[in-house]
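Reviewing the structure listed below.
Residue numbers count from 1 along this sequence.
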Amino acid sequence: MDVKQPQENVFLKDALNEAVYTLFGSNITNQNSNTTITLSIVSSSLDPLDYDKNGYPILYRSSVTLQADITDKNNKKRTYSVNGTYDFATSPNSVINDQIKLNAFKKASINALNKLIALITKDGINEH
């Protein structure tokens with residue numbers, strides 16, 4: 001987490017927690033599991049992509065890069081890095097409030113987690 005942007009860190013952590021809950025239907029904490037996954041937020045951004053005729057941003061992209069460190073029951077370790085993005089439109093001269101930021105980072109995190117699941121599944125198939 002970036003100590004220079006503590007508020008942004010809260011948004012990202014909350015967005016990632018909501019994304020995990022949305023994808024899996026619960027917080028994935030199981031003390032008896034054979035595999036552990038540690039997710040870290042490597043980077044994030046919220047950037048304007050397009051502007052109206054007066055120069056006001058009207059299209060944004062949120063981006064989140066996650067690192068997943070996975071240790072299986074045989075103590076084999078793998079590390080994955082995935083990026084997710086989410087594009088959204090706003091009204092000209094509108095303010096990007098906290099709820100809009102949270103939602104944008106959540107959707108970018110969901111996209112990153114979907115890529116992570118695909119990579120893990122592909123690697124699991126290739127090992128058999």
Side-chain angles (χ1 to χ4, degrees):
M1 293 293 187
D2 188 353
V3 294
K4 296 176 194 166
Q5 297 179 324
Q7 185 178 9
E8 197 77 7
N9 293 338
V10 172
F11 284 124
L12 289 168
K13 183 178 178 290
D14 288 348
L16 184 56
N17 285 338
E18 284 191 31
V20 167
Y21 188 83
T22 298
L23 278 178
F24 299 106
S26 67
N27 296 324
I28 342 177
T29 317
N30 182 344
Q31 300 300 331
N32 299 321
S33 66
N34 291 328
T35 301
T36 59
I37 301 174
T38 304
L39 291 173
S40 304
I41 300 164
V42 175
S43 66
S44 67
S45 62
L46 185 62
D47 301 308
L49 295 177
D50 196 15
Y51 300 85
D52 71 0
K53 64 182 179 181
N54 298 314
Y56 293 109
I58 56 172
L59 183 65
Y60 287 88
R61 172 172 289 157
S62 62
S63 179
V64 175
T65 301
L66 303 176
Q67 179 174 312
D69 296 310
I70 301 172
T71 306
D72 68 15
K73 63 183 175 186
N74 299 320
N75 214 23
K76 181 178 178 184
K77 297 180 183 185
R78 293 187 202 163
T79 299
Y80 297 91
S81 181
V82 290
N83 179 269
T85 60
Y86 173 69
D87 298 345
F88 62 99
T90 62
S91 302
N93 202 18
S94 65
V95 175
I96 303 295
N97 65 29
D98 292 349
Q99 188 58 44
I100 292 171
K101 274 186 178 181
L102 178 67
N103 188 51
F105 285 127
K106 174 185 170 185
K107 290 187 176 183
S109 295
I110 288 172
N111 288 334
L113 288 170
N114 281 328
K115 289 179 183 178
L116 175 64
I117 292 167
L119 285 172
I120 292 169
T121 301
K122 178 183 154 246
D123 283 355
I125 291 171
N126 288 336
E127 284 190 2
H128 291 57

Handout entry: Any donor-acceptor N or O pair under 3.5 Å, side chains Thr38, Asp69
Key = no
Exercise for the section: Determine whether Lys101 and Asn103 make a side-chain contact, defined as any pair of heavy atoms from C-beta on separated by less than 4.5 Å. Expected result: no
Handout entry: Exercise: do Tyr60 and Asp50 side chains pair donor with acceptor under 3.5 Å
Key = no
Handout entry: Spatial distance of atom OH (Tyr80) from atom NZ (Lys115) [nearest 0.5 Å]
Key = 15.5 Å
Practice task
Side-chain contact test, heavy atoms from C-beta onward, threshold under 4.5 Å: evaluate it for Tyr86 versus Leu46 and give yes or no.
Solution key: no
Exercise for the section: Walk me through it: do Thr79 and Gln67 pass the test side chain to side chain contact (heavy atoms under 4.5 Å, CB included)? Expected result: CA-CA 7 Å; Thr79 299; Gln67 179 174 312; 3.7 Å; yes
Exercise for the section: First locate atom CD1 of Ile70, then atom CD1 of Ile120, and finally report the distance between them rounded to the nearest 0.5 Å. Expected result: 3.5 Å
Exercise for the section: Please round to the nearest 0.5 Å and tell me the distance separating atom CZ of Arg78 and atom CG of Asp72. Expected result: 6.5 Å
Problem - Any side-chain heavy-atom pair of Thr65 and Val82 under 4.5 Å - result: no
Problem - Gap separating the CD1 atom of Ile110 from the CG atom of Asn114, nearest 0.5 angstrom - result: 7.5 Å
Handout entry: Ser94 side chain to Thr90 backbone, donor-acceptor under 3.5 Å
Key = no
Problem - Reported CD1-to-CZ distance for the pair Ile58 and Phe88, which is rounded to 0.5 angstrom - result: 12.5 Å
Problem - Leu113 and Leu116, any side-chain heavy atoms less than 4.5 Å apart - result: yes
Practice task
Hey, could you give me the CD/NZ distance between Glu18 and Lys107, rounded to the nearest 0.5 Å?
Solution key: 11.5 Å
Exercise for the section: Specify the closest pair of heavy atoms between Ser63 and Asn83, including all atoms of both residues, with the distance to one decimal. Expected result: OG-ND2, 3.1 Å
Exercise for the section: Could you tell me whether a side-chain N or O of Asp52 sits under 3.5 Å from a main-chain N or O of Pro92, the two making a donor and an acceptor? Expected result: no
Practice task
Run the salt-bridge test on Arg61 and Asp47 with the 4.0 Å N-O cut-off and return the result as yes or no.
Solution key: no
Fill in the blank from the handout: Here the pair of heavy atoms bringing Ser45 nearest to Phe105 is O-CE2, 3.5 Å
